[in-house]
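Given the structure is predicted, the values throughout are model-derived calculations rather than measurements.
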Amino acid sequence: MRFTSELRLDDGVLEREFLLGEIPGTLWTPESAAPVPLILTAHNNGLPKSDARLVARARISATYGHAVATIDAAGCGDRPRSAAAEQARADLRRAMRAGEPVDEIFESLVGPMVEKAVPEWRTALDALLALPEIGGPVGYSGWTALGIRLAATEPRIAAACCFAGGYVPRAQREEARRVTVPLLLLLQWDDEGNPRQRALDLFDAFGSREKTLHANLGGHTGTPWFELDDGNRFFGRHLR
């Protein structure tokens, strides 16, 4: 891991850009004399790590005493996208304009993105936990499909907060039964691109004995900011 920039923000949080091979990332750390827990925060497929909403959430979480890290995994942000992914996106736009079914197109787009992203997130996790200012345990926040795979297969993930606003491939819907860590699932009740019943069925499928569903009125990007406070309290309980 090589840090490429460093900025001390007004709230005392230290923001650092890094490169891990070809993987670009950002790490936010609070002012603390002791090693702090880590939250991996993943944007939805294709968005950059510099997305304004993700950066705002990360900075606030750092003020709660957590280190927060994000990366642009394969196919996200400015990293090269495969020809197959670009074709799937074009097919998706055409199908949506025509009012045609899109699930199979989403499967061909999101499924491979999860498969490619998980190894890079694990590589980043190895490097982050080697830093002296980070002591674990580790939480996950963000993109649900990726969070399911990580929580089901990565024993270092101790708790997960997922946003039920993106397509979850069938493979991850099955894997949800293997997720046993404490879970907070955020659902926008009127999300036009996310069938409500599918999100409720996914919540029911999670194998966690401690799981909470927060549903709020509004569309895809309308998650209330108070959920950020609730999410940080959730991590405060489980990342000790």
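Scanning both residues, Arg59 and Asp11, for their nearest heavy atoms gives NH2-OD2, 3.9 Å. Residue Tyr140 comes nearest to Leu146 through the heavy atom pair OH-CB, 3.7 Å, listed as atom of the first residue, atom of the second, then distance. Among all heavy-atom pairs drawn from Gly65 and Val36, the shortest one is O-CB, 3.5 Å. For the residue pair Trp143 and Met113, the shortest heavy atom distance occurs at CH2-CB, 4.1 Å. Residues Phe18 and Leu27 share a closest heavy-atom pair of CE2-N, 4.0 Å. The two residues Ala158 and Val181 come nearest to each other via the heavy atoms O-CB, 3.6 Å.
For the pair Gln188 (side chain) and Gly219 (backbone), a donor-acceptor distance under 3.5 Å is present. Using a distance-only test at 3.5 Å, with no hydrogens or angles considered, no donor-acceptor pair links the side chain of His66 to the main chain of Ala58. Side-chain atoms of Arg196 come within 3.5 Å of backbone N or O of Trp189 as a donor-acceptor pair. For the pair Arg198 (side chain) and Leu202 (backbone), a donor-acceptor distance under 3.5 Å is absent. Judged by distance alone, the side chain of Arg79 and the main-chain N or O of Asp72 form a donor-acceptor pair under 3.5 Å.
A 6.0 Å sphere centred on CD of Glu22 holds no more than 12 heavy atoms belonging to other residues, nucleotides or ligands. Taking a 6.0 Å sphere around NZ of Lys211, one finds it holds more than 12 heavy atoms contributed by other residues, nucleotides or ligands.
Inter-residue side-chain proximity for Leu128 and Leu38 is flagged as met; some heavy-atom pair is nearer than 4.5 Å. Within the 4.5 Å cutoff, the side chain of Leu14 has no heavy atoms near those of the Leu9 side chain. The shortest side-chain heavy-atom distance between Leu187 and Phe203 does not fall under the 4.5 Å cut-off. At a threshold of 4.5 Å between non-hydrogen side-chain atoms, the residues Asp91 and Val102 do not count as touching. Between Leu183 and Arg209, every side-chain heavy-atom pair lies at or beyond the 4.5 Å cut-off. Between Leu125 and Leu40, the closest side-chain pair of non-hydrogen atoms falls below 4.5 Å. Using a 4.5 Å cut-off on side-chain heavy atoms (C-beta onward), Arg16 and Thr29 make contact.
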Review point. Going through the checks in order, is the salt bridge (Lys or Arg N to Asp or Glu O under 4.0 Å) test met by Glu17 and Arg2?
Key: CA-CA 9 Å; Glu17 301 288 328; Arg2 177 170 63 89; over 6 Å; no
Exercise for review: Evaluate the side chain to side chain contact (heavy atoms under 4.5 Å, CB included) criterion for residues Met1 and Leu19: first the C-alpha distance (whole Å), next the side-chain angles of each, then the deciding distance (0.1 Å), finally the verdict.
Suggested key: CA-CA 6 Å; Met1 175 178 284; Leu19 282 172; over 6 Å; no
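Using modelled atom types, one finds no donor on one side chain facing an acceptor on the other under 3.5 Å when comparing Asp190 with His220. For the residue pair Thr153/Arg122, the side-chain donor-acceptor check at 3.5 Å is satisfied. Donor-acceptor pairing under 3.5 Å is recorded for the side chains of Tyr167 and Glu107. With hydrogens and angles left out, the side-chain atoms of Glu227 and His214 include a donor and acceptor closer than 3.5 Å.
To the nearest 0.5 Å, atom CD of residue Gln87 and atom OG of residue Ser82 are 10.5 Å apart. Taking CG of Leu217 as the reference point, atom CG of Asp191 lies at 12.5 Å (rounded to 0.5 Å). Interatomic distance, Leu228 CG to Ser141 OG, rounded to the nearest 0.5 Å: 8.0 Å. In this structure, the separation between CD1 on Ile39 and OG1 on Thr70 is 12.0 Å, given to the nearest 0.5 Å. Residue Arg93 holds its CZ atom at 7.5 Å from CZ of Arg97, rounded to the nearest 0.5 Å.
Hydrophobic clustering (side-chain heavy atoms under 4.5 Å, transitive across Ile, Leu, Val, Met, Phe, Trp, Tyr) groups Ile157 together with Trp121. Hydrophobic clustering (ILVMFWY, side-chain heavy atoms < 4.5 Å, transitive): Val55 and Leu7 are in one cluster. Linking ILVMFWY side-chain heavy atoms closer than 4.5 Å, directly or via other members, places Val68 and Val13 in a single hydrophobic cluster. Linking Ile, Leu, Val, Met, Phe, Trp and Tyr residues whenever their side-chain heavy atoms come within less than 4.5 Å places Leu150 and Val138 in a single cluster. Side-chain heavy atoms closer than 4.5 Å link hydrophobic residues (I, L, V, M, F, W, Y) into clusters, and following such links, possibly through other members, connects Ile23 to Ile134.
With a 6.0 Å cutoff to the six-membered ring centre and a 45° limit on the axis angle, Arg57 counts as a cation-pi contact of Phe163.
Under the rule for a side-chain hydrogen bond (donor to acceptor under 3.5 Å, both in side chains), the partners of Glu104 that lie at least two apart in sequence or sit in another chain are Arg170.
Remark: Arg149 engages Glu115 in a salt bridge, criterion side-chain N to carboxylate O under 4.0 Å. Asp204 and Arg177 are not joined by a salt bridge, as no carboxylate oxygen comes within less than 4.0 angstrom of a charged side-chain nitrogen.
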Listed pairs under 3.5 Å, donor-acceptor, residues 233-240 side chains, sequence neighbours left out:
{"from": "Arg233", "atom 1": "NH2", "to": "Asp230", "atom 2": "OD1", "distance (Å)": "2.3"}
{"from": "His238", "atom 1": "NE2", "to": "Glu210", "atom 2": "OE2", "distance (Å)": "2.9"}
{"from": "Arg240", "atom 1": "NE", "to": "Gly236", "atom 2": "O", "distance (Å)": "2.9"}

